[in-house]
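Here is the structure we will look at.
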Amino acid sequence: MPDPQSRVLDLIFGRWRSQILHAGVRLGIFDALREGPRTAAAIAAELGLDPSLAYRLLRALGSLELLHEDQARSFSLTETGELLRRDHPQTLRGVTLLEEGPEHYALWKHLPAMVRDGKQNAFIREFGRMAFDHAAQEPGYAEVFHDAMSSYCSAQTAWVLEALQGYDFSSIAHICDVGGGHGHLLSSLLARHPHLRGTVLELPQVIEDQELLWANRLGVGDRCTYLAGDMFAAVPPADAYMMKMILHDWNDEECVRILGNIARAAARGARLFVIEHLVPGPETPHFAKLFDIHMMCWGTGRERTVEEYRALLERAGWKYVRTWFPRSQMMGAVEGARA
Ligand SMILES: C[S@@+](CC[C@H](N)C(=O)[O-])C[C@H]1O[C@@H](n2cnc3c(N)ncnc32)[C@H](O)[C@@H]1O
């Protein structure tokens, strides 16, 4: 365990690491090393970078153990750095471009003022509109946002499938993923359970580009429908519903409206899985407690405890059943049943 002073210094300089990583991704350095080791000069020439400054950036990426540097200024990807290649099956490139990119970076400077004023949502302070409205007006942000959601899914889908591996889906025929993005989670669940069919409910602009949708790519296109709609208006009937990283986008009143709309479409006994980073008790440090601050910056939402989700479910016509976790506890699936 480092001494307290070293720990504080490490926290202070944390952002340098993520910005160095972001610059490497943004400039295409990890993709340029896909075929194997190359010199700094060759990489700079291919990417149109200043050779001297590019070498210093590559050296810093080496210090973060994302690259390996040899004595001749030649660089190669480490196992960790491989995850930042565009074409890696578990790529985290999209997460990097969103979370350290210009829009999200700009939000953090408002944090002290928000906490002082008791008014969250730095998107309004910085851009004058909510994040999803910004995405609807700025295709560049929308593209980076939805690409990041698919990129997050490379880890999150595995946690959810692990959490639900003991779940008996035999009484469910049709499952709807509300705000399901490009459908990575739902398509992966359909691939695992061949008797299931599914519907992804999403905003129309998110699902119009067929190339980005996962159902065909994961071989379940014949059992998966993409439905354009608005979860604040209505959702389709189904035997079960899931929502991953949806309720954390919204405040309690907004959540109750979404949950109430699902309850109206669901028959008694229908199931709902609220999949989120769940906040544990004070004795446990957890990523959810940090993601909660990001949500404070990003919009009206928050991360919640299981008890807080239980209370929301009960306000909207659901009864709490239980919570399913993967071994890592990184996310949990709070199960409700239509009361
Ligand atoms: C944080 S993302 C999560 C996406 C996906 N569930 C995942 O975990 O990758 C929130 C999603 O909610 C969708 N969304 C926002 N407002 C919506 C609405 N009114 N109706 C349906 N979907 C909506 C967004 O387009 C976005 O894909």
Side-chain angles (χ1 to χ4, degrees), residues 11-12 14-15 18-19 22 94-138 140-142 144-149 151-152 156 178-179 181 202-203 206 230-233 243-262 274-282 284-316 330-332 334:
L11 290 171
I12 292 170
R15 188 125 226 183
S18 44
Q19 279 295 302
H22 175 261
V95 177
T96 312
L97 291 177
L98 179 69
E99 303 303 6
E100 285 302 289
E103 289 90 356
H104 286 199
Y105 188 92
L107 301 179
W108 287 92
K109 65 175 173 291
H110 298 289
L111 181 54
M114 288 192 304
V115 174
R116 212 178 286 121
D117 302 348
K119 287 203 189 83
Q120 68 178 80
N121 196 345
F123 235 98
I124 299 274
R125 289 176 193 246
E126 183 70 19
F127 298 104
R129 55 192 174 202
M130 301 274 289
F132 287 126
D133 298 332
H134 189 69
Q137 300 297 319
E138 293 286 338
Y141 176 64
V144 170
F145 181 89
H146 293 292
D147 189 43
M149 292 308 119
S151 176
Y152 268 122
Q156 294 178 343
V178 178
E202 253 299 346
L203 296 173
V206 177
D230 176 1
M231 66 194 174
F232 285 101
M243 286 189 280
K244 175 164 71 66
M245 295 215 300
I246 299 300
L247 295 187
H248 86 154
D249 290 343
W250 305 101
N251 66 29
D252 286 2
E253 300 315 311
E254 292 162 332
C255 288
V256 170
R257 279 171 57 205
I258 299 167
L259 290 167
N261 280 341
I262 303 175
V274 174
I275 301 160
E276 296 286 357
H277 294 286
L278 298 172
V279 176
T284 311
H286 198 282
F287 180 59
K289 297 177 185 180
L290 309 186
F291 214 131
D292 181 50
I293 306 304
H294 168 62
M295 297 318 294
M296 187 192 292
C297 293
W298 188 81
T300 60
R302 62 187 303 153
E303 303 301 342
R304 297 178 174 86
T305 63
V306 172
E307 280 312 308
E308 287 168 334
Y309 281 115
R310 179 183 191 140
L312 289 178
L313 288 172
E314 289 172 358
R315 280 178 64 190
M330 275 295 284
M331 294 192 102
V334 181

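We're numbering straight along the sequence, starting at 1.
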Any luck finding a side-chain donor-acceptor pair between [X] and [Y] under 3.5 Å?
X: Y152; Y: E99; value: yes
X: H134; Y: R129; value: yes
X: T300; Y: Q120; value: no

If I compare all heavy atoms of [X] with all of [Y], which pair ends up nearest, and what's the gap?
X: M130; Y: N121; value: SD-ND2, 3.2 Å
X: L278; Y: A288; value: O-CB, 3.6 Å
X: G94; Y: A148; value: O-CB, 3.3 Å
X: E303; Y: H248; value: OE2-ND1, 2.7 Å
X: A122; Y: L107; value: CB-O, 3.6 Å

Taking the side chain as C-beta and beyond, is there a heavy-atom pair between [X] and [Y] under 4.5 Å?
X: R125; Y: D117; value: yes
X: H22; Y: Y105; value: no
X: E276; Y: V274; value: yes
X: V279; Y: K289; value: yes
X: D252; Y: R315; value: yes
X: C255; Y: R304; value: yes
X: I258; Y: N261; value: no
X: L111; Y: M114; value: yes

Among Y141, F132, W108, which residue meets the ring pair (Phe, Tyr, Trp, His ring centres under 6.0 Å) test with F123?
Y141
If you measure from CE on M295 to CD1 on I293, what distance do you get to the nearest 0.5 Å?
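Between atom CE of M295 and atom CD1 of I293 there are 11.5 Å.
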If I take atom CE from residue M149 and atom CD from residue Q156, how far apart are they, to the nearest 0.5 angstrom?
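With rounding to 0.5 Å, CE (M149) is 8.0 Å from CD (Q156).
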Test side-chain contact (heavy atoms from CB on, under 4.5 Å) on M231 and I262; report intermediate values, then the result.
CA-CA 8 Å; M231 66 194 174; I262 303 175; over 6 Å; no
Between the side chains of D249 and R302, is the shortest nitrogen-to-carboxylate-oxygen separation below 4.0 Å, so that they form an ion pair?
no
Got a salt bridge between R257 and E253, using NZ or NE/NH1/NH2 to carboxylate O under 4.0 Å?
no
Could you check whether atom NZ of K119 has more than 12 heavy atoms from other residues, nucleotides or ligands sitting under 6.0 Å from it?
no
R310 and L313: side-chain contact (heavy atoms from CB on, under 4.5 Å), yes or no, with the steps?
CA-CA 5 Å; R310 179 183 191 140; L313 288 172; 5.5 Å; no
H104 ring center near H294 ring center (under 6.0 Å)
yes
Assess the pair F291 and H286: is the distance between their ring centroids shorter than 6.0 Å?
no
May I have the step-by-step check of side-chain contact (heavy atoms from CB on, under 4.5 Å) for M243 and L259, ending in yes or no?
CA-CA 10 Å; M243 286 189 280; L259 290 167; 3.7 Å; yes
Let me see the working for K109 and E126 under side-chain contact (heavy atoms from CB on, under 4.5 Å), right down to the final yes or no.
CA-CA 9 Å; K109 65 175 173 291; E126 183 70 19; 2.8 Å; yes
